[in-house]
Amino acid sequence: MELKEKLKILADSAKYDASCSSSGSNRTSKNGLGNTAIAGICHSFASDGRCISLLKILMTNCCIFDCKYCLNRKSNNIKRAIFTPEEICEITINFYRRNYIEGLFLSSGIIKSPDYTMELMIKTITLLRNKYHFGGYIHAKAIPGASEILLRKLGSLVDRLSANIELPTENGLKLLAPNKDSNKVDKIMSYVKEKQNRKFVPAGQSTQMIIGATKESDLDIMSKSSSMYDNYKLKRVFYSAYIPINKDNLLPTLEKPPLVRENRLYQADWLLRYYNFKVNDLLNENNPNFNILVDPKTDWALRNIELFPKEINKCSYYDLLKIPGIGVKSAQRILKARRNFTITFDELKKLGVVLKRAKYFITCNGKYFMSSSYFKKEFIEANIVLEDKSIENTKIEQLGLFNE
Amino acid sequence: MNNVYLYNDSFNELISLIFYLLKNNIKPTNIKDVSYNPNLFEECIFLGIKSKEQDINNIALQFGYYAFRCIYYVYLSNNESKELIIYYFILNAIKYRKKITYMRNLKCVHETLRIAEYVSHETHKMKGFTRFKEINNNILYAEIEPVNNILELVSKHFEKRLKNEYWIIKDVQRRLFSVYDKKNFYIIPEENLKLEDFRISKEEKEIKEMWQLFYKTIGIKERKNDRCRMNFMPKRYWKYLIEMEDEL
C-alpha cells in the first residue's frame with residue numbers, strides 16, 4: 001500500500017480523538033531537532049475549527065475489540081492499514097522540519113494483544129527519540145491492559161500519556177464497549193499519577209468522554225470528571241460530541257452531534273478547574289442537565305441572584321471569579337488595578353474587561369450600570385438570552401453572505 | 001509650527017531621544033523615524049542623539065522587565081503613533097515606577113499594554129503558521145507577511161527549535177531576511193542578500209501533498225465550522241499556509 005493511502009486511512013481513524021494540546025512541557029534537545037513550548041502552539045485549524053497541533057495518527061486501525069461507537073471496531077468492513085515505525089518517524093520528521101506540526105500524537109487500535117500493540121508504539125517512539133533525536137512534543141495513548149513495565153517505558157519517552165475512559169458510567173461501558181474494562185483505565189491513570197515527574201510524562205495525563213451516545217446526564221459526566229481530576233490529577237478531560245458513524249440498535253440516532261451540550265460541558269469543566277466551582281454548585285438531582293440557553297456560570301448566578309451585585313472595588317478574588325463574564329485574567333487585572341485607583345465602569349472597560357455580561361452582576365463604586373430598580377432576576381435573564389440570540393442571528397446572516 | 005523629532009530607526013536611539021526630550025522638558029508633537037515625510041504644518045528636527053546603553057538599562061531596572069518588554073513590543077508594532085505612545089508611557093513611568101503596568105486607566109498605559117499583547121499574539125500565531133520548504137541542499141526557507149515587525153521574535157523561536165538546520169525566513173512586506181547559520185541568526189535587508197539558483201528539493205512536492213492530504217482528512221465533516229476556523233486562522237495568513245491552497 002502506498003504511504004499516502006496509509007496516512008489517509010490512519011489519520012481518518014484517529015480524527016475522533018478530541019485531544020490536541022501541545023502544552024505543559026518544556027523539553028529542549030541538546031543535539032537534535034526540536035523542542036516544546038510550555039504554552040503549546042497551534043499550527044493550523046481544520047475545517048471543523050479544531051486546532052491542529054500534532055500529527056494525529058493511529059499506528060494501525062486493526063483492532064480486536066468491537067466497541068459499538070468506534071469506526072475501527074472489528075465488525076466494520078473497512079480498509080485496514082498499519083504503519084511501520086520507520087514510516088511514522090519519516091513523516092513526523094519531514095512535517096516537523098517544515099513547521100507543519102508541533103509533534104506526534106500516536107494512538108492505535110489493538111492488534112494481537114495490548115502488550116504487542118504497546119511494544120510496537122514504544123519501538124516507534126524510541127526510534128524517533130534516539131535515532132532521529134527528535135525533541136518535539138509526543139502524546140501517546142496508553143493501551144489498557146498492557147503491562148506496567150511497558151507503561152513505564154512509554155511514559156519515560158513521551159510528554160503526555162492518556163487513556164480514554166470513553167463513557168462516564170460502568171453501565172454505559174458494558175453496553176457499548178463490552179471488551180473495555182474501566183478498571184484497566186483506572187490502573188493506568190493511578191500509575192501515571194504516582195510516577196509523574198519532570199522526566200516521566202512531564203505534560204501530565206488526559207482522558208476523553210463521548211457525549212450523547214448513552215443516557216447519562218450532565219451530572220453523571222461532571223461528577224466523573226470531577227472525581228478523576230481529584231483522584232488522578234488529570235490535566236484535562238476532553239468531551240467529544242457523539243457522531244453516529246456506525247449503525248447499531250444500541251446506539252441513538254442523532255440528526256446532528258450535540259455540540260451545544262459539548263460546549264456547556266467544556267465551560268463547566270473550566271469552572272471546576274479554574275473558578276473554584278464544585279459540581280454540586282452547578283448541577284443537582286433535580287437539575288441534572290445544563291441549561292442550553294445560557295452558560296453554566298450565568299445560570300448559576302441567576303439561580304443565586306441574592307449573592308449579587310458584587311462591588312468590583314471590594315469583593316474578594318474568589319468572588320470576582322464567580323461573576324459571569326469575568327475570567328481569571330480580568331479578575332487579576334482588577335485586583336492589581338484597584339490597589340492603585342478606584343474602578344468605575346469606564347475604567348473597567350480600559351482594563352479590557354468585557355462588560356456585555358458582567359455589567360448585570362456588578363456595581364462599580366456603589367453604582368449599578370442602570371437604575372438599580374432593574375436589578376431583578378427575570379429582567380437580567382431575559383436580556384441575556386435575547387442578546388445571545390441576536391448575536392447568533394447576525395452571525396448566521398454574515399455567514400450566509402459570505403457563502404454567496 | 002508642530003515639531004516632529006526624528007530618530008534613526010533603532011530602538012535604542014528612540015529611547016535615548018525620548019529621555020533627552022523628557023530631561024529638557026521638550027514636548028514633541030510627534031516622534032518619527034528619519035524616513036518620515038512631514039506635512040505643511042510640521043517641522044522636522046533631528047537632534048542626532050546617540051543611543052546610550054544606560055537608558056535601556058534604566059527602563060528595565062526602574063520600570064521592571066515587563067514594562068521594558070511592552071515598550072519594545074510597541075516599537076515593533078505597526079501602530080501609527082507608537083513613538084508618542086512610548087513617550088507618554090515613559091513620562092508616566094517616571095512617576096509610577098514599577099506600578100506603571102497596573103495603571104491601565106491611563107490611556108498611554110492601556111494602549112501600550114494592548115499593542116504589546118497584539119504583537120505578542122501575532123508572534124505566537126506566526127510560530128505556528130510559518131511554513132518552510134526545503135531548497136538548495138537542505139536549507140529551509142519560509143516567507144511570512146506579519147502585520148507587525150516580528151521577524152526577530154519569530155527567529156528567536158526557530159533558533160532554538162531548528163538549531164541544527166540552516167534556515168532563512170523572509171518578511172516579504174518589509175523586505176528583510178533572517179538568516180540562520182546553525183549558530184546565530186542575522187537580519188539582513190533584501191538588497192544585501194542574493195538568493196541565486198533557487199532550487200526546490202525533489203521530495204518537497206511529495207511531502208507537501210502528504211500534509212495537504214492529512215489536513216483534509218483530519219477535519220470532521222459533521223462538525224464543519226468555517227466561522228470558528230476563520231476566528232483562529234484569519235484569512236490574511238492563508239497565503240503561505242500551503243494546506244489552504246485549494247480554498248483560497
Side-chain angles (χ1 to χ4, degrees), chain A residues 3-4 7-8 11-12 14-16 28-29 31-35 37 39 41-53 55-57 91 94-95 97-102 133 135-136 241 243-244 256-257 259 333 336-337 339-341 343-344 346-347 350-352 395 398-399 402-403, chain B residues 96 99 101-107 109-110 113-114 117 124-125 127-134 138 140 142 157-158 160-165 167 203-204 206-211 213-233 241-244 247:
Chain A
L3 194 55
K4 260 189 201 158
L7 180 67
K8 191 171 160 62
D12 194 50
K15 73 182 174 195
Y16 296 103
T28 51
S29 92
N31 291 308
L33 168 75
N35 60 357
I41 296 173
C42 297
H43 286 251
S44 191
F45 290 85
S47 55
D48 50 22
R50 299 188 307 165
C51 131
I52 301 175
S53 161
L55 171 64
K56 195 188 290 179
I57 47 170
I91 300 177
N94 278 330
F95 280 9
R97 282 182 72 224
R98 288 162 180 78
N99 203 40
Y100 300 166
I101 53 169
E102 195 62 16
H133 303 290
I243 295 164
K256 271 182 183 167
L259 293 176
R333 278 183 188 173
K336 283 173 183 158
R339 285 192 206 124
N340 298 299
F341 55 89
I343 300 172
T344 63
D346 238 15
E347 266 138 9
K350 283 188 200 149
L351 289 178
K395 273 176 182 166
Q398 281 167 356
L399 213 66
F402 199 75
N403 287 339
Chain B
Y96 292 106
K99 277 189 189 159
T101 50
Y102 305 149
M103 305 305 290
R104 276 184 180 254
N105 55 337
L106 303 171
K107 182 141 200 273
V109 176
H110 174 66
L113 299 187
R114 186 185 63 78
E117 197 164 286
H124 185 78
K125 278 210 161 113
K127 287 177 192 173
F129 292 164
T130 302
R131 295 281 177 270
F132 288 97
K133 57 186 165 215
E134 205 180 85
N138 296 323
L140 295 171
H157 169 74
F158 287 110
K160 293 198 197 86
R161 171 152 299 189
L162 300 173
K163 76 175 144 202
N164 287 340
E165 306 274 354
W167 51 253
E203 52 167 21
E204 199 54 38
E206 191 71 13
I207 292 165
K208 179 175 145 186
E209 281 172 11
M210 292 258 277
W211 170 243
L213 177 73
F214 176 78
Y215 179 82
K216 276 207 190 82
T217 312
I218 207 72
I220 299 176
K221 60 177 188 302
E222 292 87 343
R223 301 180 61 119
K224 189 169 162 54
N225 191 339
D226 283 327
R227 185 161 49 81
C228 179
R229 176 172 72 176
M230 199 78 88
N231 277 344
F232 287 117
M233 197 163 72
L241 291 169
I242 51 171
E243 64 270 27
M244 303 309 292
E247 298 187 49

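Computation of the quantities below employed the complete heavy-atom set of this structure, encompassing side-chain atoms and omitting hydrogens, waters and symmetry-equivalent molecules. A, B, ... follow the sequence lines: proteins, then strands. Residue 1 opens every chain.
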Residue [X] versus chain B: region with a heavy atom under 4.5 Å:
{"X": "A/Leu33", "value": "both"}
{"X": "A/Leu55", "value": "both"}
{"X": "A/Leu351", "value": "both"}
{"X": "A/Tyr100", "value": "both"}
{"X": "A/Arg97", "value": "both"}
{"X": "A/Ile41", "value": "both"}

What part of [X] is in contact with chain A, defined as an atom under 4.5 angstrom from a non-hydrogen atom: side chain, backbone, both or neither?
{"X": "B/Glu203", "value": "side chain"}
{"X": "B/Tyr96", "value": "neither"}
{"X": "B/Leu106", "value": "neither"}
{"X": "B/Leu213", "value": "side chain"}
{"X": "B/Met103", "value": "both"}
{"X": "B/Glu222", "value": "both"}

| Check: A/Asp48 side chain, B/Ile220 main-chain N or O, donor-acceptor pair, under 3.5 Å |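 Between the backbone of B/Ile220 and the side chain of A/Asp48 there is a qualifying donor-acceptor contact (under 3.5 Å).
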| Side-chain (B/Arg131) to main-chain (A/Asn99) donor-acceptor, under 3.5 angstrom |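 Present.
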| request: Name the option with the most non-hydrogen atom pairs under 4.5 Å to chain B; the candidates are A/Gly32, A/Ala14, A/Ala337. | output: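 Answer, by heavy-atom pair count under 4.5 Å with chain B: A/Gly32.
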| query | So with a 6.0 Å cut-off around CZ of A/Phe95, is the heavy-atom count from everything else above 12? | reply |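 Yes, enclosed.
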Find the distance between [atom1] ([X]) and [atom2] ([Y]) and round it off to the nearest 0.5 Å.
{"X": "A/Leu7", "Y": "B/Thr217", "atom1": "CG", "atom2": "OG1", "answer": "6.5 Å"}
{"X": "A/Asn94", "Y": "B/Met210", "atom1": "CG", "atom2": "CE", "answer": "7.5 Å"}
{"X": "B/Arg229", "Y": "A/Arg50", "atom1": "CZ", "atom2": "CZ", "answer": "13.5 Å"}
{"X": "B/Met233", "Y": "A/Ile52", "atom1": "CE", "atom2": "CD1", "answer": "7.5 Å"}
{"X": "B/Ile207", "Y": "A/Arg98", "atom1": "CD1", "atom2": "CZ", "answer": "3.5 Å"}

| Test item: A/Glu102 and B/Arg161 side chains (from C-beta on) under 4.5 Å apart, heavy atoms |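 When only atoms from C-beta onward are counted, B/Arg161 and A/Glu102 do touch, with a gap below 4.5 Å.
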| task | Could you tell me whether the side chain of B/Lys216 reaches within less than 4.5 Å of the side chain of A/Lys8, counting heavy atoms only? | result |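 No - every pair of side-chain heavy atoms lies 4.5 Å or more apart.
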| request: Please report the shortest heavy-atom distance between B/Gly219 and A/Ala46, naming the atom on each side. | output: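 Where B/Gly219 meets A/Ala46 most closely, the heavy atoms are CA-CB, 3.9 Å.
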| query | Looking only at heavy atoms, what is the nearest atom pair of B/Glu243 and A/Ser44, with distance? | reply |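 Heavy atoms of B/Glu243 and A/Ser44 come nearest at OE2-OG, 2.7 Å.
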| message | Would you call the rings of A/Phe45 and B/Phe232 parallel, tilted or perpendicular, taking 30° and 60° as the class edges? | response |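 A/Phe45 vs B/Phe232 ring planes: parallel.
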| field | Choice from B/Phe132, B/Phe129, B/Trp211 maximising heavy atom contacts with chain A below 4.5 Å | value |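 If we count pairs closer than 4.5 Å to chain A, B/Trp211 comes out on top.
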| query | What option among B/Lys221, B/Lys163, B/Lys107 has the most heavy-atom pairs under 4.5 Å with chain A? | reply |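 Most heavy-atom pairs under 4.5 Å with chain A: B/Lys163.
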